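Step one of this worksheet: look at the structure below.
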Amino acid sequence: MSVYDHAAIEARWQAWWLEHKTFKSEVDPTRPKFYVLDMFPYPSGDGLHVGHPEGYTATDILSRWKRMQGFNVLHPMGWDAFGLPAERHAVRTGQHPAEITSRNCDNFRRQIQSLGLSYDWDREFSTTDPDYVRWTQWIFLQLYKKGLAYPAEVAVNWCPALGTVLANEEVKDGRYVETGDPVEKRRMRQWMLKITAYAERLLVDLDDVDWPEGIKTMQREWIGRSEGAEVRFNVADGDSDFTVFTTRPDTLFGATYCVLAPEHSLVSRIVSADCRPAVEAYVQAAQAKSDVDRADTAREKTGVFTGAYAVNPVDGRKLPIWVADYVLGGYGSGAIMAVPGHDQRDWDFATAMGLPIVEVVSGGDVLKAAFTDNEDGVLVNSGLLDGLKVPQAKARIIQWLQERDLGKGVVNYKLRDWLFSRQRYWGEPFPLLMDKDGSVHAVPEKDLPVQLPVLDNYKPTEDGRPPLARAEEWCRVTDPHSGEVLFRETNTMPQWAGSCWYYLRFCDPRNQNEAWSTEAERYWMPVDLYVGGAEHAVLHLLYARFWHKVLFDLGLVHTREPFQRLFNQGMILAESYRDPRGKYLKRSEVEREGKGWKVASTGEAVEAQIEKMSKSRLNVVNPDDMVRQYGADAMRLYEMFMGPLDRDKPWTEEGIRGCHNFLRRVWTLFTEREGEGLSQRISSAPATPEQLALVHRSIKAVSQDLEEMKFNTGIARLMEFVNEVMKQPELPREVAESFLLLLAPFAPHLAEELWTLLGHGDSLAYESWPAWDEAHCRVSSLEVAVQVNGKVRATLQVDAGLDDAAVLALALAHEKVTPWLEGKSLRFSKRVAPGVVSLAVG
RNA sequence: GCCGAAGUGGCGGAAUGGUAGACGCGGCAGACUCAAAAUCUGUUGUCCGCAAGGACGUGGGGGUUCAAGUCCCCCCUUCGGUACCA
């Protein structure tokens, strides 16, 4: 008997697939398409860890399965290769980021190919390829021409540690989400994309995609639509006014003061002389306050009176105007009317400052807390609104305001425009030129791509301008027509740019004349299944949807949404070990001691915990090691066998060993005999009814599990099949072949090898997926459990053809059942399922 | 605080309202072996019992049902997301 030599088998088939371009796909209108896409990786210098291939394996299994079902499968892979790590490396070493990137891509490709993933490698590209950058810039120009890209002097999130600005979405609690570096506010001229123009469609079209509800909810909350009204307030004894946004215009009679955000432009104009020092101090302090501090909702509310009053448009009452930082400058109009009776924040503020609280919606006790019910509450103390319920009162007052031109119903969004420029080197240059007056000129499309200049230093300039400003020659361009000297934009695009449209380029990646052909886009799009981590729930997925909608409006794509179905795989976790001082230890430095762990060299007790894999925790598992020891097929199998794809799961080496054992059992099943070749167990005899039942049930179960992406239970079915046939002396050829086809998507190398051993000359990649026949799934006899008052008291073996009445009679007469019925009256008796009889006595 | 997901053996996990724990890991026993490893076979929720068998058991508490891990109500814990958005 030969041994299962996974290394040789896997090398042979990987070479065969590459050489024969087995997984090359082309537009073919005669066949149905299936576009299955992985979120492409940033090729870091560390290479893959075993978390990456989880999603890749799942999509690969589906790709292989869909091919066997006759689909024309588009399954591409590429590299999201612009980004900061390569740039930092370049700053340190002086090497060009492109060199580093290209090395990393080679490594990622090697690792991915070593897993036998069936990508169409003819479609591979990197977002940093000039050929790709050209079209990224081209799309940017389309946005620019539509007025969706504009420069603005804005308060930005400046990260001193990185020397660049960040998008709102990249900052949380005043820190950069990736590194935790603090972020501060600065005013700078930046390029913005008008994503807010698409807020409503980005929200509404979520209804039409098959995404996890959680992700949809996160996007909806990020967009943050709220319906309300804008109301204009005049400042008493002056000629200025300001507008507030409120979702509760019905409570207008309950407003007892107004608040302006510290940033509000009106503050300095209306402040009274005696209040001015206090207000100016407060505004300054608010500006100096870090985002971390301002984001702290638990802290006491603060604010100062301006000395000015606003006039409530509904009743002419004078309301004091305050400045407080609980009102945000960037949302709505940066000003509110405060209704402490019915808004908890206003209530807190009013209580702290001794401002009056008035009840205008009955149902609560506004002395104790704000009453915020907005459905059944009835308006009081509100003139024309008295007696109305909240929804009716809202409609009524909006109408009243509109008739008098004092306000109007509006919809507001939390979503802000997308800050789209970065002060970095390793990104796409903007295809834009500035003249002396500061007017912007688009680079003609024929001159794209605008390539990055070569620099000898990738740091920002001494005076804080982006690295591209170092390339003085590159920056100066002479207009061929006017002879005028123009200056290039020295900001670059954020890393999100490249990933906003790569799924479209994959449809037609070698097109030299356009970003993609209509033919390819119409055939392949939309992406039928998109698999990746949930960490991109808002950022990438919102940005890509935005670009896609712009492209849709331009007639360049034919679907409203790019990703029809989205699936988020869970995280792969791993055990990590810390000594009593909290220092992390490698797996090789610790050993088992009873139920716990100890340091191998010193015997000191060690704390073990399951955590996210990371370099700093010393618990990263490298797929190269796993492939070497157990093989790519075992690696793939284990990634899927660990548990449901969407859950977080801990990696254990025992687990992958188990999957390796299973594959070795399969190998043994087919090859066990003296010498080489096929096992004598494989027979030409026809399958018995029992064998047919086994194989047809397996086909059915595996097919249904694949349909639902339940890979773990699908693999369990394959294991059950092998456990069963291992007990039998013969394995009919037809049964063996069906099994190999079921195994093929999961463990393709071994399946190919054994397929060949059975005498087939070609790859099984395009063999038909086996079909099951319900008639064969049936068995001649089955077990029936008999429950008495919900507890199983007996099981009987009955002929499958027996009718319910007969089975019931057998159950009632069974010797283990009768004692439970004695002296009781039968209240319920029924065969409630093929395998269950339920009896109730009392 | 709010939104979302999840709590099942020693571990990863399985289970259209119908025999809880499939499948795998780990453990135990046996076969093979001079021996070990590998492999194969059996066994393995907990408690009581020699056994037959019984009781208990899916985070906790109620409820619906002939029947609840699954459906309903309340609560606890963990993990993600979000946070003064008027």
Side-chain angles (χ1 to χ4, degrees), chain A residues 1 3 172-173 212-218 220-222 224-226 228 244-248 251 259 261 294-299 301 324-328 330-339 342-346 348-349 412-416 534-535 537-538 568 570-571 595 610 637-638 641-644 646-659 661-662 664-665 668 701 710 712-720 722-723 726-727 783-795 816 826-842:
Chain A
M1 180 177 106
V3 295
K172 198 200 152 193
D173 296 337
E213 268 318 306
I215 301 290
K216 287 196 195 183
T217 303
M218 281 162 70
R220 288 191 185 110
E221 284 174 356
W222 193 268
R225 181 185 203 272
S226 65
V244 306
F245 173 72
T246 177
T247 55
R248 296 294 303 276
T251 61
V259 183
R294 252 189 105 160
D296 182 6
T297 55
R299 81 176 214 279
K301 289 200 168 33
D325 65 3
Y326 82 93
V327 171
L328 307 175
Y331 180 76
S333 54
I336 62 159
M337 64 174 204
V339 186
H342 306 283
D343 181 287
Q344 191 58 43
R345 295 157 302 189
D346 296 343
D348 293 341
F349 189 80
N412 236 314
Y413 302 90
K414 279 199 256 183
L415 185 70
R416 317 287 163 83
E535 65 272 20
V538 213
N568 295 120
M571 226 181 336
K595 286 187 174 169
I610 304 283
L637 221 50
Y638 179 55
F641 187 63
M642 290 167 84
D646 56 359
R647 284 242 275 270
D648 291 352
K649 298 158 292 249
W651 179 275
T652 67
E653 199 158 333
E654 287 78 18
I656 188 172
R657 217 174 287 149
C659 289
N661 283 346
F662 165 67
R664 198 168 39 206
R665 274 160 70 76
T668 306
K710 289 160 67 175
N712 54 331
T713 52
I715 293 167
R717 293 304 195 152
L718 297 173
M719 290 173 169
E720 283 179 274
V722 170
N723 290 343
M726 277 294 231
K727 294 178 190 158
E783 204 173 64
V784 178
V786 185
Q787 300 178 343
V788 182
N789 288 349
K791 291 198 194 319
V792 177
R793 298 301 179 183
T795 55
K816 283 182 179 164
L826 193 61
R827 290 187 307 157
F828 179 90
S829 63
K830 190 180 176 189
R831 189 184 191 185
V832 293
V836 181
V837 166
S838 183
L839 307 174
V841 295

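Everything numeric in this text was worked out from a predicted model, so none of it was measured.
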Does the B/G18 base have a donor-acceptor partner in the side chain of A/Q787 within less than 3.5 Å? yes
Taking only side-chain nitrogens and oxygens of A/T713, does any of them come within less than 4.0 Å of OP1 or OP2 of B/A22? no
At 4.0 Å (heavy atoms only), tell me whether A/G658 reaches a base, stays on the sugar-phosphate, or touches nothing. sugar-phosphate
B/G81 and B/U44, which share atom name C1', separated by this distance in whole Å: 41 Å
Can you check side-chain contact (heavy atoms from CB on, under 4.5 Å) on A/M726 and A/R665, steps first, answer last? CA-CA 9 Å; A/M726 277 294 231; A/R665 274 160 70 76; 4.0 Å; yes
Upstream residue (5' side of RNA chain B) when A/V836 and A/R664 are each assigned their closest nucleotide: A/V836
Which of these nucleotides, B/C3, B/U39, B/A14, is closest to any side-chain atom of A/R647? B/A14
Test A/E221 against A/K216 for salt bridge (charged side-chain N to carboxylate O under 4.0 Å, His left out), laying out the working first. CA-CA 9 Å; A/E221 284 174 356; A/K216 287 196 195 183; over 6 Å; no
Do A/K301 and A/F349 form a cation-pi contact, if we require the NZ or CZ to be under 6.0 Å from the six-membered ring centre and within 45 degrees of the ring's axis? no
I'd like the C1' distance from B/C40 over to B/U46, given in whole Å. 30 Å
How is A/A716 classified with respect to the nucleic acid when contacts are heavy atoms under 4.0 Å: base, sugar-phosphate, or nothing? base
May I ask whether A/F828 stacks on the base of B/C66, given the cut-offs of 5.5 Å between ring centres and 30° between planes? yes
Using the P atom in both, what is the distance from B/C71 to B/G80, to the nearest Å? 25 Å
Answer with base, sugar-phosphate or nothing: what part of the nucleic acid does A/D648 contact at a heavy-atom distance below 4.0 Å? sugar-phosphate
Base orientation of B/G69, syn vs anti, 90° cut from 0: anti
For the side chain of A/S838 and the base of B/G18, is some donor closer than 3.5 Å to an acceptor across the two? yes
5'-most by nearest nucleotide on RNA chain B - A/G643 or A/E654: A/G643
Step-by-step side-chain contact (heavy atoms from CB on, under 4.5 Å) determination, A/F245 to A/Y331: CA-CA 9 Å; A/F245 173 72; A/Y331 180 76; 3.7 Å; yes
Checking all strands, does A/R717 fall into the base, sugar-phosphate, or nothing category for heavy-atom contacts under 4.0 angstrom? nothing
B/C25 and B/U43: how far apart are their C1' atoms, nearest whole angstrom? 16 Å
Which of the following nucleotides, B/G12, B/U82, B/C84, is nearest to the side chain of A/K301? B/C84
Between B/U8 and B/A68 - C1' atom distance, rounded Å: 14 Å
Among B/A86, B/A15, B/U19, which nucleotide sits nearest the side chain of A/T247? B/A86
Which value, in whole Å, describes the distance between the P atoms of nucleotides B/G45 and B/A52? 14 Å
Name the pairing partner of B/C32, where a pair is Watson-Crick or G-U wobble with both distances under 3.5 Å, or state none. none
Derivation of the side-chain contact (heavy atoms from CB on, under 4.5 Å) call for A/V786 and A/L839: CA-CA 7 Å; A/V786 185; A/L839 307 174; 3.9 Å; yes
Using a cut-off of 4.0 Å on non-hydrogen atoms, how would the nucleic acid contact of A/R827 be classed: base, sugar-phosphate, or nothing? nothing
Whole-Å distance between B/C23 P and A/I656 CD1? 22 Å
